[in-house]
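Computed from a predicted model, the values in this text were never measured in an experiment.
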Amino acid sequence: MPYSESEQAYLTRLGHRLRSLRKQRGLSQEALAFEADLDRTYVSSVERGERNIAVLNLAKLARALGVEVSVLLGSEE
């Protein structure tokens with residue numbers, strides 16, 4: 001199901017925040033995926049804004065990055 005423009009923009013912003021935090025911590029997608037118990041291709045697709053990520057997976061990624069979920073979600077602009 002295609003997303004509306006605003007929904008796609010939100011997924012893209014989330015992906016950019018995830019990628020930025022991952023890189024700040026010096027982690028590869030593979031290393032982050034391992035720490036979060038997710039597949040590397042899943043992490044990649046989230047970073048590209050191609051996934052409507054499940055809440056539990058968002059929590060796994062936040063935990064692996066050492067941040068709260070709210071940091072990944074950011075503010076709605």
Side-chain angles (χ1 to χ4, degrees):
M1 167 169 79
Y3 301 114
S4 71
E5 191 173 314
S6 63
E7 291 169 334
Q8 186 57 58
Y10 189 80
L11 292 174
T12 300
R13 284 193 306 272
L14 170 65
H16 288 164
R17 280 191 291 275
L18 176 62
R19 179 178 288 129
S20 177
L21 287 166
R22 175 180 61 76
K23 287 185 173 187
Q24 285 174 20
R25 283 155 179 74
L27 294 172
S28 65
Q29 287 179 344
E30 187 172 6
L32 176 58
F34 179 79
E35 290 299 320
D37 195 29
L38 297 169
D39 192 87
R40 184 206 53 82
T41 60
Y42 183 85
V43 172
S44 176
S45 64
V46 172
E47 287 188 356
R48 291 191 313 271
E50 296 174 351
R51 288 247 185 207
N52 185 3
I53 186 171
V55 173
L56 293 178
N57 289 339
L58 191 63
K60 287 179 177 185
L61 288 167
R63 191 173 326 121
L65 290 166
V67 299
E68 296 293 323
V69 170
S70 61
V71 172
L72 287 175
L73 293 176
S75 62
E76 191 73 29
E77 298 177 80

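For the atom pair OG1 of T12 and CD of E47, the computed distance is 12.0 Å after rounding to the nearest 0.5 Å. Between the CG atom of D37 and the CG atom of L61 there is a distance of 10.5 Å, given to the nearest 0.5 Å. Here the NZ-CG distance, from K60 to L65, works out to 14.0 Å after rounding to the nearest 0.5 Å. Atom CG of L14 and atom CZ of R19 lie 11.0 Å apart (nearest 0.5 Å).
Pairing each heavy atom of V43 with each of A33, the nearest pair is CG2-CB, 3.8 Å. Pairing each heavy atom of R17 with each of L72, the nearest pair is NE-O, 2.6 Å.
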side-chain contact (heavy atoms from CB on, under 4.5 Å) between V55 and V69: does it pass, once the steps are laid out? CA-CA 9 Å; V55 173; V69 170; over 6 Å; no

Does the side-chain contact (heavy atoms from CB on, under 4.5 Å) test come out yes or no for R25 and V67, once each step is laid out? CA-CA 11 Å; R25 283 155 179 74; V67 299; 3.3 Å; yes

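Atom CZ of F34 has 12 or fewer neighbouring heavy atoms from other residues, nucleotides or ligands inside a 6.0 Å radius. By the neighbour-count criterion of 12 heavy atoms within 6.0 Å, atom CD of Q24 is densely surrounded, having more than that number from other residues, nucleotides or ligands. Under a cut-off of 6.0 angstrom, the local environment of CD in E68 is sparse, with at most 12 non-hydrogen atoms contributed by other residues, nucleotides or ligands.
I53 has its side chain out of reach of L18: every pair of non-hydrogen atoms, C-beta onward, lies at least 4.5 Å apart.
For L11, the side chain to side chain contact (heavy atoms under 4.5 Å, CB included) partners two or more places apart in sequence, or in a different chain, are Y3, Q8, N52.
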